[in-house]
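Following: one structure in structure tokens, then a few remarks.
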Amino acid sequence: MLEALAAWGATDLTRVLVVALDLLPVRHTWALLRAGAVEVFSWDEVEKPTQIVLARLHYWQVVEEHVADLQRQLVGKSQRWLDTLRQLVDMALSSCQVLILGESGTGKELVAQEIHRLDPRPDKRDCVVVDCTTLIPGLSGSELFGHEKGAFTNAISTRDGALALAHEGTLFLDELGELPLPLQAELLRALQEGTYKRVGSNTWRRAKFRLVSATNRDLAAEVARGTFRQDLFYRVSGWTCRLPPLRERKEDIVPLAEHFFR
């Protein structure tokens, strides 16, 4: 079976579903997955195996349709880029928190907007963008959580923050690695409990949103240095995707140039 999988891997086929007629030892299952199989199961060990196969094939077809749609905005034809787009579609169709890693200029905000667009929630509201590099020390809590009238100088009226505006929608935190440590603790509580307080208020408010974050920093290294909370890192990185820079997908230079000329 491993030999057959290796032979298929040499073609343009990108997904292999292995269905065994007998129960497979665990070591064989892992060997198949390491060799490139997307999914492995035994026919007699699941209910309605035909429906499982059909559902998986249908899902892969849906993914390819979304990838073709994404290419109108996220231009590129290289295998590296197509694999990235497939991962983005998987992320968008799930309900998990998403962390996008990538250098400046790799399209992190555009990817976040596309994840929100493909999000299948039927009644989702807006995607609210917060640029963490522009948060002003002392007032940044207001940007995220809002404030009450008179909470600080020039707070002449009550104001909703990003969490309230993103309720039932998506909150995109761009350059999350720039978030100050005190705000990291407050954000973590809001993510864990789904509640927050406006600056100057003692009332807990609820906010339900999908979090998409992006950074050009190595957050794991930031955690090791103590500049980023480990518990927040695990909370925001439910699914992590790294966007490759153009130097790692040089086949896309011409398609991108043609796109921008048009």
Side-chain angles (χ1 to χ4, degrees), residues 5-6 8-17 33-39 56-121 124 126-133 170-177 210-220 236-262:
L5 185 59
W8 280 110
T11 71
D12 292 334
L13 186 64
T14 57
R15 293 184 177 89
V16 177
L17 172 64
L33 292 171
R34 285 194 296 268
V38 175
E39 190 169 335
R56 181 55 61 185
L57 294 176
H58 174 70
Y59 177 77
W60 289 345
Q61 180 182 6
V62 169
V63 168
E64 292 305 318
E65 291 172 354
H66 284 313
V67 167
D69 179 53
L70 281 176
Q71 285 181 288
R72 293 184 299 176
Q73 291 290 332
L74 304 174
V75 177
K77 299 179 180 179
S78 66
Q79 191 60 50
R80 179 74 181 277
W81 190 239
L82 291 176
D83 289 343
T84 300
L85 295 184
R86 291 185 183 107
Q87 184 182 10
L88 292 176
V89 172
D90 282 333
M91 294 163 69
L93 298 181
S94 74
S95 59
C96 68
Q97 315 279 31
V98 173
L99 176 62
I100 305 168
L101 305 177
E103 300 174 9
S104 297
T106 51
K108 296 188 293 294
E109 182 171 351
L110 184 57
V111 164
Q113 296 286 357
E114 292 299 304
I115 289 174
H116 173 72
R117 182 176 66 86
L118 294 178
D119 188 318
R121 286 176 293 172
K124 68 174 184 284
D126 295 337
C127 178
V128 176
V129 179
V130 176
D131 183 354
C132 296
T133 64
T170 300
L171 176 63
F172 174 49
L173 297 180
D174 195 12
E175 299 305 340
L176 177 65
R210 182 177 188 178
L211 180 67
V212 178
S213 308
T215 182
N216 59 13
R217 293 193 178 194
D218 182 347
L219 288 189
V236 302
S237 57
W239 199 328
T240 301
C241 176
R242 177 180 176 272
L243 300 183
L246 192 56
R247 67 178 177 274
E248 295 180 7
R249 54 184 187 105
K250 295 180 179 178
E251 307 96 307
D252 294 330
I253 292 176
V254 172
L256 279 166
E258 292 173 342
H259 169 75
F260 288 123
F261 277 131
R262 285 195 300 269

Going from [atom1] on [X] to [atom2] on [Y], what distance comes out if it is rounded to the nearest 0.5 angstrom?
X	Y	atom1	atom2	result
His66	Leu70	NE2	CG	8.5 Å
Gln61	Glu64	CD	CD	9.5 Å
Leu85	Gln73	CG	CD	12.0 Å

Can you confirm whether [X] sits close enough to [Y] that some side-chain heavy atom of one is under 4.5 Å from a side-chain heavy atom of the other?
X	Y	value
Val67	Arg86	yes
Leu219	Ser237	no
Val98	Cys241	no

Derivation and outcome, side-chain hydrogen bond (donor to acceptor under 3.5 Å, both in side chains), residues Asp83 and Gln87: CA-CA 6 Å; Asp83 289 343; Gln87 184 182 10; over 6 Å; no

Identify each donor-acceptor pair in which a side-chain atom of residues 252-262 lies under 3.5 Å from a protein atom, sequence neighbours left out, and give them as a table.
from   : atom 1 : to     : atom 2 : distance (Å)
Asp252 : OD1    : Lys77  : N      : 2.7
Asp252 : OD1    : Ser78  : N      : 2.8
Asp252 : OD2    : Ser78  : OG     : 2.8
Asp252 : OD2    : Arg249 : NH1    : 2.8

Between side-chain atoms of residues 89-96 and protein atoms elsewhere (two or more places apart, or another chain), which donor-acceptor pairs fall under 3.5 Å?
from  : atom 1 : to    : atom 2 : distance (Å)
Asp90 : OD1    : Tyr59 : OH     : 2.5
Ser94 : OG     : Met91 : O      : 2.7
Ser94 : OG     : Cys96 : N      : 3.4

Those residues at least two apart in sequence (or on a different chain) that pass salt bridge (Lys or Arg N to Asp or Glu O under 4.0 Å) with Glu103 are Arg247

Tell me every residue that passes salt bridge (Lys or Arg N to Asp or Glu O under 4.0 Å) with Arg242, counting only those two or more places apart in sequence or in another chain.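 Partners of Arg242 by the salt bridge (Lys or Arg N to Asp or Glu O under 4.0 Å) criterion, ordered by chain and then number, come out as Glu248.
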
State, to 0.1 Å, how close Thr106 and Pro245 come at their nearest heavy-atom pair, and which atoms those are.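 Looking at all heavy atoms of both residues, the shortest contact is CG2-CA, 3.8 Å.
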
For residues Cys132 and Leu173, report the shortest heavy-atom separation together with the two atoms involved.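 Result for this residue pair: SG-CB, 4.2 Å.
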
Would you confirm whether [X], through its side chain, and [Y], through its main-chain N or O, come within 3.5 Å as a donor-acceptor pair?
X	Y	value
Asp126	Val128	no
Trp81	Leu74	yes
Gln71	Gly76	yes

Under 3.5 Å, which donor-acceptor pairs link side chains of residues 111-118 to any protein atom two or more places apart or in another chain?
from   : atom 1 : to     : atom 2 : distance (Å)
Glu114 : OE1    : Arg117 : NE     : 3.0
Glu114 : OE1    : Arg117 : NH2    : 2.6
His116 : ND1    : Thr170 : OG1    : 2.7
His116 : NE2    : Arg125 : O      : 3.1
Arg117 : NH1    : Asp69  : OD2    : 3.0
Arg117 : NH2    : Asp69  : OD2    : 2.7

Using the rule side chain to side chain contact (heavy atoms under 4.5 Å, CB included), only one of Leu176, Leu171, Val130 pairs with Ser213; which is it? Leu176

My understanding is that only residues two or more places apart in sequence, or in another chain, count here; which of them pass side chain to side chain contact (heavy atoms under 4.5 Å, CB included) with Glu175?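 Applying side chain to side chain contact (heavy atoms under 4.5 Å, CB included) to Glu175 gives Lys108, Thr133, Glu178, Thr215, Asn216.
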
Before you tell me yes or no, could you show the steps for Arg121 and Arg210 under side chain to side chain contact (heavy atoms under 4.5 Å, CB included), namely the whole-Å CA-CA distance, both residues' side-chain angles and the distance that decides it to 0.1 Å? CA-CA 10 Å; Arg121 286 176 293 172; Arg210 182 177 188 178; 3.7 Å; yes

